[in-house]
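Written out below as structure tokens is the structure these notes cover.
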Amino acid sequence: MGLPALEFSDCYLDSPQFRERLKSHELELDKTNKFIKELIKDGKALVQALKSLSTAKRKFADSLNEFKFQCIGDAETDDEICIAKSLQEFATVLQNLEDERTRMIENANDVLITPLERFRKEQISAAKADNQVDNVRQHFYEVSLEYVFKVQEVQERKMFDFVEPLLAFLQGLFTYYHHGYELAKDFNHFKTDLTISIQNTRNRFESTRSEVESLMRKMKENPHEHKSVSQHTMEGYLFVQEKRSFVSTWVKYYCTYHREPKRVTMVLFDPKSGGKTVSEEDSFTLKSCTRRKTDSIEKRFCFDVEALDRTGVITMQALSEEDRRLWMEAMDGREPVGCLAQLDVIGFNVMKKFIHAVETRGILGLYRIVGVSSRVQKLLDPKTCADVELENSEWEIKTITSAIKHYLRVLPGPLMTYQYQRSFIKAAKLDNQEARVTEVHALVHRLPEKNRQMLELLMKHLATVASHHHQNLMTIANLGVVFGPTLLRPQEETVAAIMDIKFQNIVVEILIEHHEKVRENRGAHDRKGIASRSEKVLGLFSLLPSAAARPSVCGAVQILSDLSHKSPQKPLTHSRSVSLSPSIAGRKARALYACKAEHNSELSFIAGTIFENVHGSREPGWLEGTLDGRTGLIPKNYVEFL
């Protein structure tokens, strides 16, 4: 029940019932007065809390803005650059949001606190002051009339004078939250790019972490065998075989090799002085270095060197197998004649045979599953590998693919050579995408002819594998992780070199994506631009090994975690597979995989994104759709229609 009405005529009667009704109004005014006082107190506390929160968030934003990521190495990948600037982007969003909160706080006193205090003092307090008329009510009926009028006026005014400031304050809150919503919409594009960059960086971290841990364990177990070796110099103790009076002796020398002039300097170790006495130097210019087979000499860890300025072969013995490997890598040493891992006719024939077997027998699960080591070694046996029948079910696909990787690993030097290893890394660190492709292409044509031919053969095969990534999960990025450290292995194993693995992967990604360019001569390369967008669209998987269409993968990066969690395989017979004609328009579609735009006309998105108004495009293999109010191109077989 509401409060009873106060009639002016009752003021003259001044009945007990009238006084009781008047008393109920007075009690309600007291209750309202106390409530408004408490509300004002809570409102001031809320404003103060908002100020403290705003101060804390601004300090948090300032801390984010001041922090700068420092990468390991002398350059950053595009993903690392995106992640590095993310803290500044976060800080900008927070500061923008706090600017709106500050405006809301400044208005809170004017729209909430002051009106409530004014209503309490000017209206309720005035009515209470008129309460003194109670003492003389029976004598001053005229004053009583004014008192009743004031009481009822206050009761009515509180319906709007009290509620209106609260509504204004809530409107300020709504404005603040709406501003946050608009900021979130504007931030969405950067959030999509950042999500993809974070995932790519996490994938690269996982691929290098095991390498770093392995190096750390080696350093702990054999610290003396992992001495620091510069790119241009190798030095240490070697035993040199010397023939005197029909007897061979092994003499200890401290040897230094300078890579650029290919000059070897030897200083005789004097056992009497414990090496403290420096003897005269003997030096020569290196011609070649070849590993010595164990069964051809009574000593282990030996290798033969030939000099340009002296006759005969000099046989040297390293301190360990690892030490010999370092010396041979520094001297661009090669395996003895007859070993399979050579870029000769036998090596090319074996690689072609392996690749043909892989592409003929199926390309599911490629390069992700490692073959049994003993089986791989048996397949690579120099005496039988040329004649082995790979169609035989005895040889599993994983064994053949592991043999391909092993062959490339045991070459005397990496396929892309130590000489150009740093140049390829520098090319991958260029900021401009087209400049990277151009420089990598130019470097490929500087490689020795046999190296370039083998690289062309391998890249064509890997492009074929990548074009079926919906089934085998081997995207261009994943293949880069597998083959980057093999094709561009550094001359020395250090943490800095391991940190460059991500750039080795990028080089291989570029070579696979633009593998057609590898076969062009340099003049054609200078005339021809970067492959058109339509040439980069993923081709649909065909079970026939002779499928003609093998386009390269788009710049999208499929989440590598799919390899261990879930498969994105979509059968072609699925009723929701994309087969769209340009006449179908205005439909919604959902992204199956993440994609990062390479051009302004393309959209970046993550898996699960919903597109509006999706329809055919004049670009072959692409669709047009709208995301967050922006219309752009979407790879055709990266979405399914809803």
Side-chain angles (χ1 to χ4, degrees), residues 61-96 183 186-209 212 422-440 443 475-478 480-481 484-485 488 495-514 530 536 553-561 593-607 628 630 632:
D62 290 340
S63 299
L64 289 177
N65 197 42
E66 292 172 1
F67 184 79
K68 306 293 182 184
F69 280 108
Q70 296 295 329
C71 70
I72 299 177
D74 57 357
E76 298 174 321
T77 63
D78 291 342
D79 295 322
E80 289 172 333
I81 292 173
C82 180
I83 292 174
K85 72 176 184 179
S86 64
L87 298 188
Q88 283 69 46
E89 291 287 340
F90 296 159
T92 301
V93 171
L94 290 175
Q95 289 168 347
N96 199 324
L183 281 177
D186 295 340
F187 188 71
N188 195 51
H189 293 298
F190 178 76
K191 182 184 73 174
T192 299
D193 291 343
L194 180 61
T195 301
I196 295 173
S197 295
I198 288 173
Q199 187 61 52
N200 292 343
T201 304
R202 177 181 289 111
N203 295 342
R204 294 191 182 108
F205 165 75
E206 293 296 338
S207 69
T208 58
R209 181 181 181 183
V212 175
R422 293 304 307 167
S423 298
F424 277 111
I425 296 297
K426 289 180 181 178
K429 294 178 179 179
L430 293 175
D431 294 332
N432 184 273
Q433 177 69 22
E434 292 190 8
R436 291 181 198 169
V437 177
T438 301
E439 184 62 22
V440 168
L443 289 170
T475 62
I476 284 182
N478 296 347
V481 171
L488 279 166
V495 172
I498 291 174
M499 291 300 105
D500 273 340
I501 287 179
K502 56 194 173 189
F503 295 105
Q504 297 170 9
N505 301 347
I506 290 174
V507 172
V508 175
E509 290 175 26
I510 291 173
L511 289 174
I512 298 174
E513 188 167 357
H514 303 274
I530 305 304
K536 299 197 298 179
V553 179
C554 126
V557 179
Q558 179 180 325
I559 304 303
L560 188 60
S561 59
Y593 318 108
C595 184
K596 187 172 183 178
E598 293 184 349
H599 303 83
N600 293 334
S601 59
E602 299 173 12
L603 295 176
S604 290
F605 51 87
I606 59 177
D628 295 333
R630 180 171 176 262

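When a residue number appears, it is its place in the shown sequence, counting from 1. Note that the coordinates shown come from a computational prediction; the quantities given were computed from them, not determined experimentally.
- Between H189 atom NE2 and L603 atom CG the span is 8.0 Å, to the nearest 0.5 Å.
- The closest side-chain donor-acceptor pair between K502 and N505, if any, does not fall under 3.5 angstrom.
- Salt bridge status for D628 with K191: absent, with no side-chain N to carboxylate O gap under 4.0 Å.
- Summarising the geometry of I196 relative to C595, their closest heavy-atom pair is CD1-O, 3.2 Å, with the distance given to 0.1 Å.
- Between A91 and A61, the closest heavy-atom pair is CB-O, 3.2 Å.
- Considering all non-hydrogen atoms of both residues, F503 and A428 come closest at O-CB, 3.6 Å.
- Here the side chain of E513 pairs no donor or acceptor atom with the backbone of V508 at under 3.5 angstrom.
- A donor-acceptor contact shorter than 3.5 Å is absent between the side chain of S197 and the backbone of L194.
- Between the CD1 atom of I198 and the SG atom of C82 there is a distance of 8.0 Å, given to the nearest 0.5 Å.
- A distance of 6.5 Å separates CG in L94 from CG in L64, rounded to the nearest 0.5 Å.
- The backbone N or O of Q199 lies less than 3.5 Å from a partner atom in the side chain of N203, making a donor-acceptor pair.
- In this pair, F90 and F187 present their aromatic rings tilted. The plane angle is within the 30 to 60° band.
- Considering every non-hydrogen atom in both D500 and R422, the closest pair reads OD2-NH1, 2.8 Å.
- Atom CG of D193 sits about 11.0 Å away from atom CD1 of I606, to the nearest 0.5 Å.
- Looking at heavy atoms from C-beta onward, R630 lies out of side-chain contact with N188 at the 4.5 angstrom threshold.
- Shown here for I425 and Q504, the closest heavy-atom pair between the two residues is CD1-CG, 3.5 Å.
- Pairing each heavy atom of N65 with each of Q88, the nearest pair is O-NE2, 3.1 Å.
- To the nearest 0.5 angstrom, L443 atom CG is 11.0 Å from T438 atom OG1.
- Distance check: N432 CG to E439 CD gives 12.0 Å after rounding to the nearest 0.5 Å.
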